[in-house]
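Input: a single structure, listed below in structure tokens.
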Amino acid sequence: MKILVTGGTGYIGSHTCVELLDAGYEIVVIDNFSNSQPDVLDKIKMITRKDFKFYKGDVCDKEILQMIFKENKIDAVVHFAGFKAVGESVIKPLMYYRNNIDSTLSLLEVMNEYNCKKIVFSSSATVYGKPDKLPIKENFSLKTTNPYGATKLMIEDILRDLYISDNDWSIAILRYFNPIGAHASGLIGENPNDIPNNLMPYIVKVATKELECLNIFGDDYDTLDGTGVRDYIHVVDLSKGHIKAIEKVIKDKGVDAYNLGTGRGYSVLELVNTFMKVNNVKINYKIVGRRPGDIDACYADPSYAKEKLGWSASLGIEQMCKDAYNFIKKIEEM
Ligand code: NAD
Ligand code: UDP
């Protein structure tokens with residue numbers, strides 16, 4: 001089986017490439033390095049001791065996609081390529097709509113042309129907006145508050161419409177909660193160049209003293225300790241979910257969405273304290289005002305993914321904190 005992975009050198013894509021290769025799939029990767037580095041390709045090969053084909057290019061570009069499908073017999077696609085920063089999407093909405101929607105349309109058109117109709121798509125828990133109750137189930141109403149989330153919702157609609165028009169498609173929409181952590185080898189992980197927006201990359205940069213102090217956005221939420229609660233999931237567990245989703249789309253036709261989360265929420269302070277404890281390192285933090293648009297708590301009911309895909313997360317918060325720090329220390333040693 002040959003799987004095309006778009007955005008395969010990115011954070012989640014690289015971990016999924018490792019899991020796909022380990023599971024015995026052949027892969028072909030396309031990425032334009034707009035948010036990743038070429039050396040990730042060697043790291044994936046080092047971890048797995050397997051080789052694969054790589055195309056440097058833009059998924060919006062139908063010509064390169066046609067070349068890939070002509071040169072390789074692709075059985076299914078995992079589509080990660082896209083921009084993902086909520087704040088940036090508010091400032092540059094056109095860039096987000098253009099890249100995320102255009103790349104998906106080009107990809108689906110070329111897949112259709114080559115009669116490859118199996119796809120796993122990276123959606124996000126952001127499509128639930130501010131949920132009325134918790135834990136979040138897949139049948140909750142969908143709404144978003146920013147252009148990034150809107151692109152995810154639009155793509156979900158496009159995929160559902162595509163299936164209605166042609167029942168030969170097999171489509172798995174994966175709604176990720178909060179992926180953190182890194183591969184156990186410490187060779188791949190998340191290391192944004194800019195000042196991080198997300199909590200874990202920020203904590204890590206405070207731990208390494210690259211940044212001075214973590215700002216905790218609000219301690220007056222309706223949660224256990226007043227800080228925001230999220231469903232953090234180890235990126236390796238999340239990547240394994242893609243293997244199960246690929247098995248599903250290879251086997252069954254249809255379109256369906258699955259929550260990939262642990263089902264357990266942790267507050268900002270719980271995450272910070274766990275990070276300090278397991279890594280024996282101090283994180284300076286101060287409480288500041290709420291970040292606009294943030295919700296108090298968000299965690300998944302992951303039972304549908306367990307029932308339909310046979311997948312559930314197994315790595316805990318301590319492992320997530322250890323692996324995130326191990327990855328960054330390895331980079332510093334190099
Ligand atoms: P990432 O930025 O690390 O990876 C995305 C990869 O896609 C990058 O390597 C980038 O260079 C590439 N890319 C972007 N646009 C491209 C294009 N037009 N052509 C070719 N390559 C392109 O992000 P990630 O965290 O690995 O996220 C992967 C997917 O999962 C994204 O679609 C993202 O929206 C979604 N997602 C991520 C999170 C998260 O917290 N990380 C949560 C929910 C959903
Ligand atoms: N957060 C924080 N300081 C930061 C970044 C995030 O206190 O520098 C909080 C944020 O308010 C939320 C949680 O950490 O409660 C997770 O935020 P993140 O941006 O990682 O994920 P998202 O909000 O998109 O779920």
Side-chain angles (χ1 to χ4, degrees), residues 5-17 29-38 40-41 55-61 64-65 78-87 89 95-96 98-104 106-107 120-127 146 148-149 151-152 155 174-180 188-192 195-203 205-206 211 213-219 221 223 226-233 235 238-239 242 260-261 265-272 285-299:
V5 185
T6 76
T9 54
Y11 174 46
I12 307 169
S14 57
H15 288 82
T16 302
C17 286
V29 173
I30 176 168
D31 205 299
N32 62 2
F33 300 129
S34 55
N35 197 35
S36 54
Q37 302 298 329
V40 170
L41 294 165
Y55 292 81
K56 181 173 184 305
D58 193 319
V59 183
C60 300
D61 173 4
I64 189 163
L65 293 175
V78 188
H79 180 36
F80 292 106
F83 294 150
K84 64 165 180 178
V86 172
S89 81
M95 189 175 102
Y96 269 68
R98 169 65 69 195
N99 191 49
N100 292 6
I101 305 294
D102 210 8
S103 59
T104 306
S106 295
L107 176 66
V120 175
F121 171 65
S122 303
S123 188
S124 164
T126 192
V127 298
N146 57 73
Y148 164 69
T151 67
K152 293 294 175 193
I155 295 168
L174 304 182
R175 296 184 183 142
Y176 310 155
F177 281 69
N178 290 55
I180 59 170
I188 52 174
E190 188 178 25
N191 184 26
I195 293 182
N197 297 303
N198 296 114
L199 180 59
M200 182 55 103
Y202 207 110
I203 291 176
K205 284 190 192 275
V206 175
L211 293 170
C213 179
L214 169 72
N215 291 323
I216 295 185
F217 299 139
D219 67 349
Y221 283 108
T223 61
T227 63
V229 166
R230 296 291 183 275
D231 186 341
Y232 298 99
I233 173 166
V235 67
L238 186 77
S239 299
H242 293 71
L260 296 190
Y266 286 90
S267 73
V268 176
L269 278 173
E270 282 179 308
L271 190 68
V272 170
Y285 67 82
K286 63 174 187 289
I287 309 289
V288 299
R290 291 183 178 195
R291 182 170 65 177
D294 269 359
I295 56 175
D296 51 358
C298 168
Y299 51 90

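By convention here, the first residue in the shown sequence is residue 1. Note that the structure is predicted; figures quoted are calculated from it, not measured. All ligand and atom numbering here is 1-based and tracks the order in the structure.
Here the heavy atom of the protein found nearest to atom 34 (O) of ligand 1 is Tyr148 OH, 2.7 Å. Protein heavy atom nearest atom 20 (O) of ligand 2, with residue, atom name and distance: Leu199 N, 2.9 Å. The protein heavy atom nearest to atom 1 (P) of ligand 1 is Asn35 ND2, 3.8 Å. Annotation: atom 17 (O) of ligand 2 to nearest protein heavy atom, Arg291 NH2, 3.4 Å. Summary of contacts: the protein heavy atom closest to atom 29 (C) of ligand 1 is Phe80 O, 3.3 Å. Nearest protein heavy-atom neighbour of atom 39 (C) of ligand 1: Pro179 CG, 3.5 Å. Scanning the protein for heavy atoms near atom 9 (C) of ligand 2, the closest one is Val268 CG2, 3.7 Å. The protein non-hydrogen atom at the shortest distance from atom 8 (C) of ligand 1 is Asp31 OD2, 3.6 Å. Taking atom 5 (C) of ligand 1 as the reference point, the nearest protein heavy-atom neighbour is Gly82 O, 3.9 Å. Closest protein heavy atom to atom 24 (P) of ligand 1: Lys84 NZ, 3.7 Å. Nearest protein neighbour of atom 15 (N) of ligand 1, counting heavy atoms only, is Asn99 ND2, 3.1 Å. What sits closest to atom 12 (C) of ligand 2 on the protein, heavy atoms only, is Arg230 NH2, 3.6 Å. Of the protein's non-hydrogen atoms, the one nearest atom 10 (C) of ligand 2 is Asp294 OD2, 3.4 Å.
Counting only non-hydrogen atoms, the option in Ile203, Val86, Asn197 that gets closest to atom 5 (C) of ligand 2 is Asn197. Nearest-residue assignment for atom 16 (C) of ligand 2 (options Phe217, Tyr148, Tyr232; heavy-atom criterion): Tyr232. Closest heavy-atom approach to atom 18 (P) of ligand 2 among the candidates Ile295, Asn198, Ile180: Asn198.
Between Tyr232 and Met200 there is no side-chain heavy-atom pair separated by less than 4.5 Å.
Near Ile216, meaning under 4.0 Å from one of its heavy atoms, ligand 2 places the atoms 7 (O). Less than 4.0 angstrom separates some heavy atom of Asn178 from each of these atoms of ligand 2: 21 (O), 22 (P), 25 (O).
Residue contacts with ligand 2, taken as heavy atom pairs separated by less than 4.0 Å, do not involve Thr227 at all. Residue-level proximity to ligand 2 for Val229 is absent, since no heavy atom of it falls below 4.0 angstrom.
Residue contact annotation: Glu190 has no non-hydrogen atom under 4.0 Å from ligand 1.
Considering backbone and side-chain atoms together, Tyr202 places no N or O closer than 3.5 Å to any N or O of ligand 2.
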